[in-house]
Structure formats: C-alpha cells, structure tokens
Amino acid sequence: MIKALDFTGASQPGGPMGGDRTQARRARWLGLFSLMACLLALMSLVGLVRSLVAMTYLNVRFVHEVNPVSRAVSYYVFTEHGAEVFAATLVVLAVATLTILIGLVQLRVRIGPAATTLFGVWCLGLVLCAVFPTDNAPRIESVHGLIHQFAGASLFASLPLAGLALARSLRSQPDWAGTGRTVRRLALGAAALAVAYLVARLPDLLPWFTFPAFADFRAYSGLIQRLLFVLELAMLLVLATRLLTVSWTRLRNRPDRVAVPTDLLRAQDEVIRS
C-alpha cells in the first residue's frame, strides 16, 4: 500500500524544492559574477603593470633627453618613438581603471556617485592627454597644448579625490574596510603631492607674476609629478589586488550544489518502494 505523503510544500515555489532551486540559481549567478570580477581584476593588473613598466622604460631610456627631476612626463612625446609608448600607457591606464570599477560593481561593492564621477574625470583626463600632446615650448602656444594642460591638471587632482571618496564608502563594507584605509592613506599622500606639484608650476601658470627665486620650485616639478604618479598607480594596484582576492575567494567558496533535505529524500524513497 502506498503511504499518503504530503509533497505539497515541495511542489510549491516557496516550498523546500522551490527554495533549493532558487538557491541553486543564486549560486550560479554568484559564480558568474565572481568569475567576471576575477577576470576583470586580472586584466586591470596586467594593464597597471604594463603602465608601470612603460613609464619606467621612458624614464630610463630618455633620461638624457627629458630630465626626470625638472621636466614633466608629457615631454616624452618629443622623443624618438616615445609618443607612441606614452600615449598607449595613458590609454591602458584608463582602461585598467574602468575594469577595476566594473569588477567592483560585479561584486556589488558600493562605490558612490562622487567616487564614480571623479574616476570618470581621471579616465577622461588620461585619454585627452594621450590624444592632445603638450607644446614643446616654455609657454602654451596651441589649442591642443591648452587641452593637455587642463586635462593633466584634472587627472592629477581627480584620482586622489576619487580615492578619498571611495575609501569613505569602503570602510563600511566588511570585505573592503582594510582596503579602504590603505586607499585613504595613499590618496592623502597623492593629494599632498598634487598640491606640491601645483605650487611648483605656479610660475608657468601665472606668467605675469614675478616669483622670487626661493619660491620657484619648477626645478623639482618633474620629480614631484613622478612621485605622484607612483602613489596613484599604487592606489589602483591595491584596489585591483583586493578585487582579485575577494572575487577568487568567492569563486572558490561558492555552493556548487544545493543540499536536499534528508527527510524529503527518505519520503521519496518510501514512495518508490511502495
């Protein structure tokens, strides 16, 4: 005789089996988003390392043509084959930043509108600096040189501010609180160097004003700019590395299968034997 068994709950969407199917779907989506974030983190790390190697190459290869202490990195475009390397480096850096942001979104990390906007300004500034080179003259003499000047100023200011805004959002998220503190420290250091770079370039920005010799720091503006670039790149590397760690951990720990309740399996076996 077949025993009367109530499988109503199992057949309902909200019953045990329906809940198991929902959990399985969530697990699959979680695995997909984690995989995408992991791949994006790897892409961003490759791009950031590539940018670091390229900028190091430019500094070493053309050390006698572009003084790394007093000249801005923008002047590498006037060296042999330096323009291609410099422009590609800026574009790759912008793409790497975007992949980090998309990866954070995949993991549902709260970025915030202020940080998103400032990161967008940073990426736009990088692309504009790559497309519009500076003028090889003491003063800005062309439209593309003026665009480069304003784009360069915006990108060096925007990333430290973006880091501070993002750090404020990350500190309330358990997996990212420590990263938020590190990003905040790097952003504060970058902001201080950005202000120092602006002060060093004041004689060029205000040519009608005569600065005394002790207030003219243009001889060190190139070094300040390169140190600023190092801190900004370090900030992005910290985010990309943490993105890879979190996404890989979630990918490994995702539930591959949903456990079916033991009492439900036993009841099904009894029906089959009867």
Once you round to the nearest 0.5 Å, how far does [atom1] of [X] lie from [atom2] of [Y]?
X    : Y    : atom1 : atom2 : value
L39  : Q106 : CG    : CD    : 10.5 Å
T97  : L48  : OG1   : CG    : 6.5 Å
L98  : L40  : CG    : CG    : 10.5 Å
R242 : T245 : CZ    : OG1   : 6.0 Å

Note to self: Quick check against the 3.5 Å criterion: does E65 have a side-chain atom that pairs as donor or acceptor with the backbone of T79?
What the structure shows: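 Not a single qualifying donor-acceptor pair exists.
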Give a yes or no on whether [X] and [Y] share a hydrophobic cluster (residues Ile, Leu, Val, Met, Phe, Trp, Tyr; joining criterion: side-chain heavy atoms under 4.5 Å apart).
X    : Y    : answer
L243 : I111 : yes
L126 : V53  : no
L239 : L42  : yes
F78  : F62  : yes
L128 : V121 : no

Under 3.5 Å, sequence neighbours excluded: what are the donor-acceptor pairs made by side chains of residues 161-171?
| unit_1 | atom_1 | unit_2 | atom_2 | d |
| --- | --- | --- | --- | --- |
| S169 | OG | R110 | O | 2.6 |
| S169 | OG | Q173 | NE2 | 3.4 |

Next item on the list: Evaluate side-chain contact (heavy atoms from CB on, under 4.5 Å) for I100 paired with L104, printing each intermediate quantity in order.
Entry: CA-CA 6 Å; I100 292 174; L104 292 175; 4.2 Å; yes
Next item on the list: Please say whether more than 12 non-hydrogen atoms of neighbouring residues, nucleotides or ligands are located less than 6.0 Å from CD in E80.
Entry: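 No.
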Name the atoms and distances for all side-chain donor-acceptor pairs under 3.5 Å in residues 226-237, with sequence neighbours left out.
| unit_1 | atom_1 | unit_2 | atom_2 | d |
| --- | --- | --- | --- | --- |
| R226 | NE | N59 | OD1 | 2.6 |
| R226 | NH1 | P68 | O | 3.2 |
| R226 | NH1 | R71 | O | 2.7 |
| R226 | NH1 | G222 | O | 3.0 |
| R226 | NH2 | R71 | O | 3.3 |
| R226 | NH2 | Y76 | OH | 3.0 |

Using every non-hydrogen atom in the two residues, find where [X] and [Y] come nearest and quote the distance to one decimal.
X    : Y    : value
A94  : C123 : O-SG, 3.7 Å
C129 : F86  : O-CE2, 4.5 Å
A130 : L90  : N-CD1, 3.7 Å
G125 : S154 : CA-OG, 4.3 Å
V92  : S51  : CG1-OG, 3.8 Å
A96  : T99  : O-OG1, 2.6 Å

Check: By side chain to side chain donor-acceptor pair (under 3.5 Å), which residues pair with H81, not counting sequence neighbours?
Finding: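 H81: no side chain to side chain donor-acceptor pair (under 3.5 Å) contacts found.
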Check: Using 4.0 Å as the upper bound for N to carboxylate O, is an ion pair formed by D175 and R250?
Finding: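 D175 and R250: salt-bridged.
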Next item on the list: Assign the ring pair F156 / Y197 to parallel, tilted or perpendicular, where the plane angle (0 to 90°) is split at 30° and 60°.
Entry: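 Because their plane-to-plane angle lies in the 30° to 60° range, the rings of F156 and Y197 count as tilted.
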Check: Stepwise, does the side-chain contact (heavy atoms from CB on, under 4.5 Å) test hold for F132 with V127?
Finding: CA-CA 9 Å; F132 299 97; V127 174; over 6 Å; no
Notebook entry, point to check: M55 and side-chain contact (heavy atoms from CB on, under 4.5 Å): which partner among V60, T89, V85?
Noted result: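 Exactly one option meets the side-chain contact (heavy atoms from CB on, under 4.5 Å) with M55, and it is T89.
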Next item on the list: List the steps, then state whether side-chain contact (heavy atoms from CB on, under 4.5 Å) holds for H148 with V131.
Entry: CA-CA 8 Å; H148 182 95; V131 175; over 6 Å; no
